[in-house]
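Here is the structure we will look at, set down as structure tokens.
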Amino acid sequence: MENRPAAKHILHSGYFHPVLRSWQCPNTTVRAESLMLPLFIIDSDDEVQEIPSMPGVFRFGINKLKAFLQPVVDDGLKSVLLFGVPQNLPKDGQGTNADSSVTPVIRVIPKLRDWFPNLVIACDVCLCAYTDHGHCGLIDSEGFLDNQASIERIARQAVNYAKAGAHIVAPSDMMDGRIGAIKRGLTEAGLGSRVSVLSYAAKFASAMYGPFRDAAQSAPGKGDRRGYQLPPGSAGLAARATLRDVEEGADMLMVKPGLSYLDIVRQTKDKHPEYPLFIYQVSGEYSMLIHAAKNGVFQLQPAVEEVLLSMRRAGADVIISYFTPQVLKWIKEAQN
Ligand code: PBG
Ligand code: ZN
């Protein structure tokens with residue numbers, strides 16, 4: 001008798017059945033609502049391009065998008081995050097084609113609203129894909145980032161996406177004061193109550209964005225982004241940046257990248273439990289899992305499911321993931 005565990009130390013009795021196991025994992029279920037799909041929209045309307053560094057992910061021309069999205073929406077897709085990838089439109093110092101009437105994001109929003117009336121449309125707001133220097137903000141004559149000019153330009157971009165019909169604008173540029181500038185812009189445009197601001201609040205300068213810069217063709221020409229994206233070791237700056245964005249009126253918060261920053265997710269959720277928290281499983285995280293599975297390291301499905309579950313457990317409400325179409329299929333299969 002002596003070496004038998006005490007009753008309260010017997011744990012198996014709490015999770016011997018799948019339903020009991022689900023009770024032990026509150027808020028870790030990944031549902032369709034917990035997923036947002038990033039989409040790359042190009043300015044060649046009839047083209048589909050596979051992204052070499054992200055097997056299974058494509059850039060779409062506007063005329064090819066509906067056929068791709070229809071089955072994903074049928075599988076339960078609730079929300080998308082749009083990135084414009086201009087390949088023909090010229091880039092310039094002001095990022096003019098970030099929100100010109102001919103740019104793919106502006107043109108595709110009304111179509112998406114028409115094709116899929118229940119789909120939530122979020123737009124990434126940033127200048128890096130549209131500027132000739134490839135930085136996320138505007139550069140002054142001496143080559144320095146001009147914060148004030150940047151946030152004024154980014155607020156205009158956000159308002160123009162909102163006017164085109166975006167439900168959510170999501171600034172990823174990391175300039176100081178952009179949330180306040182965007183909120184003021186939306187209010188002045190009469191859209192203050194109808195458009196959400198999802199702040200990339202704690203966005204770190206990460207090696208994991210490599211494949212994205214290939215996907216979005218948005219690598220900076222000179223220098224890097226360490227002057228505006230957060231240093232990966234700094235939980236302190238993450239907390240300050242998030243608090244600032246909350247004070248400026250952000251509706252929802254994000255931590256990015258995902259897997260290497262789950263402590264930041266927990267810290268953010270604990271500090272700001274009132275706010276929906278997004279986590280971005282970025283391009284490099286996607287490619288790592290895809291390549292590991294392709295090389296026989298593990299099976300893709302259980303590995304992806306475990307990673308997504310860990311993000312929910314850390315406190316994320318919504319996961320932005322390139323795996324979304326695949327995961328929606330898995331969710332559906334599990335229900336049948
Ligand atoms: C650009 C932007 C980046 C990502 C989203 N918006 C790249 C960067 O900051 O260099 C990364 C997304 C990904 O890697 O999947 N503002
Ligand atoms: Zn950018």
Side-chain angles (χ1 to χ4, degrees), residues 35-41 51-59 80-86 91 93-95 97-99 103 105 122-139 145-147 150-151 153-155 157-158 161 168-176 178-179 182 198-232 241 254-261 278-290 307-308 311 318-324:
L35 295 164
M36 179 179 264
L37 172 65
L39 290 172
F40 299 106
I41 314 295
I51 300 161
S53 54
M54 300 179 75
V57 179
F58 301 83
R59 304 183 198 101
V80 293
L81 176 60
L82 304 183
F83 290 93
V85 185
K91 306 192 183 199
Q94 293 290 311
N97 278 315
D99 53 356
T103 212
V105 169
C123 289
D124 184 270
V125 177
C126 201
L127 297 175
C128 55
Y130 304 99
T131 49
D132 49 13
H133 46 71
H135 279 286
C136 299
L138 302 179
I139 305 293
L145 209 60
D146 183 337
N147 194 82
S150 296
I151 64 175
R153 175 73 189 92
I154 282 160
Q157 179 187 10
Y161 290 168
I168 301 174
V169 289
S172 65
D173 55 286
M174 292 301 281
M175 300 302 125
D176 284 322
R178 73 222 198 276
I179 302 298
I182 291 171
L198 164 59
S199 171
Y200 283 73
K203 175 176 176 179
F204 291 87
S206 173
M208 296 292 146
Y209 306 147
F212 175 94
R213 290 178 188 175
D214 165 27
Q217 298 167 330
S218 67
K222 243 193 337 203
D224 55 43
R225 294 180 178 155
R226 281 181 287 197
Y228 43 103
Q229 298 179 351
L230 304 177
M254 192 196 304
V255 172
K256 174 186 173 189
L259 198 52
S260 327
Y261 295 86
F278 286 61
I279 184 172
Y280 200 141
Q281 181 187 45
V282 301
S283 56
E285 299 177 71
Y286 171 86
S287 296
M288 281 200 296
L289 287 164
I290 285 282
V307 168
L308 299 183
M311 294 171 169
V318 186
I319 303 164
I320 302 171
S321 174
Y322 302 98
F323 286 113
T324 295

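For ligands, and for the atoms within them, numbers begin at 1 and follow the listed sequence.
Scanning Phe212, Phe204, Phe83, Tyr209 for the heavy atom closest to atom 12 (C) of ligand 1 points to Phe212.
Just one residue in the list Asp99, Asp146, Asp173 forms a salt bridge (Lys or Arg N to Asp or Glu O under 4.0 Å) with Arg153, and that residue is Asp99.
Contacts between Cys126 and ligand 1, counted as non-hydrogen atom pairs separated by less than 4.0 Å, involve the side chain only. Using a 4.0 Å cut-off between heavy atoms, Asp124 contacts ligand 1 through its side chain alone, with no backbone atom that close. With a 4.0 Å heavy-atom cut-off, ligand 1 is reached by no atom of Tyr286. With a heavy-atom cut-off of 4.0 Å, Cys128 touches ligand 1 through its side chain alone.
To the nearest 10 degrees, the angle centred on the Zn ion (ligand 2) between SG in Cys128 and SG in Cys136 reads 120°.
Each of the following atoms of ligand 1 lies closer than 4.0 Å to a heavy atom of Arg213: 8 (C), 10 (O). The contact set between ligand 1 and Tyr280, taken as ligand atoms under 4.0 Å from a residue heavy atom, comprises 12 (C), 15 (O).
Side chains of Tyr228 and Asn147: a donor-acceptor N/O pair is absent below 3.5 angstrom, by distance only.
Ligand 1 is approached by Lys256 to a heavy-atom distance shorter than 4.0 Å. Residue contacts with ligand 1 include Lys203, since one or more of its heavy atoms lies under 4.0 Å from the ligand. The closest approach between Gln281 and ligand 1 stays at or above 4.0 Å for every heavy atom of the residue.
The single protein non-hydrogen atom nearest to atom 16 (N) of ligand 1 is Ser172 OG, 2.9 Å, given as residue, atom name and distance. Atom 10 (O) of ligand 1 has as its closest protein heavy atom Arg225 NH1, 2.3 Å. For atom 14 (O) of ligand 1, the closest heavy atom belonging to the protein is Ser283 OG, 2.7 Å.
When every heavy atom of Ala215 is checked against every heavy atom of Arg59, the shortest pair comes out as O-NE, 2.7 Å. The two atoms that bring Leu127 and Gln157 nearest to each other are CD2-OE1, 3.4 Å, heavy atoms only.
Both tests hold for Lys256 against Tyr209: distance to the six-membered ring centre under 6.0 Å, angle to the ring axis within 45°.
Ring pair Phe212/Phe83 is perpendicular by interplanar angle, where above 60° counts as perpendicular and below 30° as parallel. Using the six-membered ring where Trp is involved, Tyr322 and Tyr286 have ring planes that are perpendicular, over 60° apart on the 30 and 60° scheme.
Remark: side-chain polar atoms of Thr324 are paired, donor with acceptor, to backbone N or O of Ser321 under 3.5 angstrom.
Residue Tyr322 places at least one N or O, backbone or side chain, under 3.5 Å from an N or O of ligand 1.
Not a single N/O/S atom of His135, whether from backbone or side chain, sits less than 2.8 Å from the Zn ion (ligand 2).
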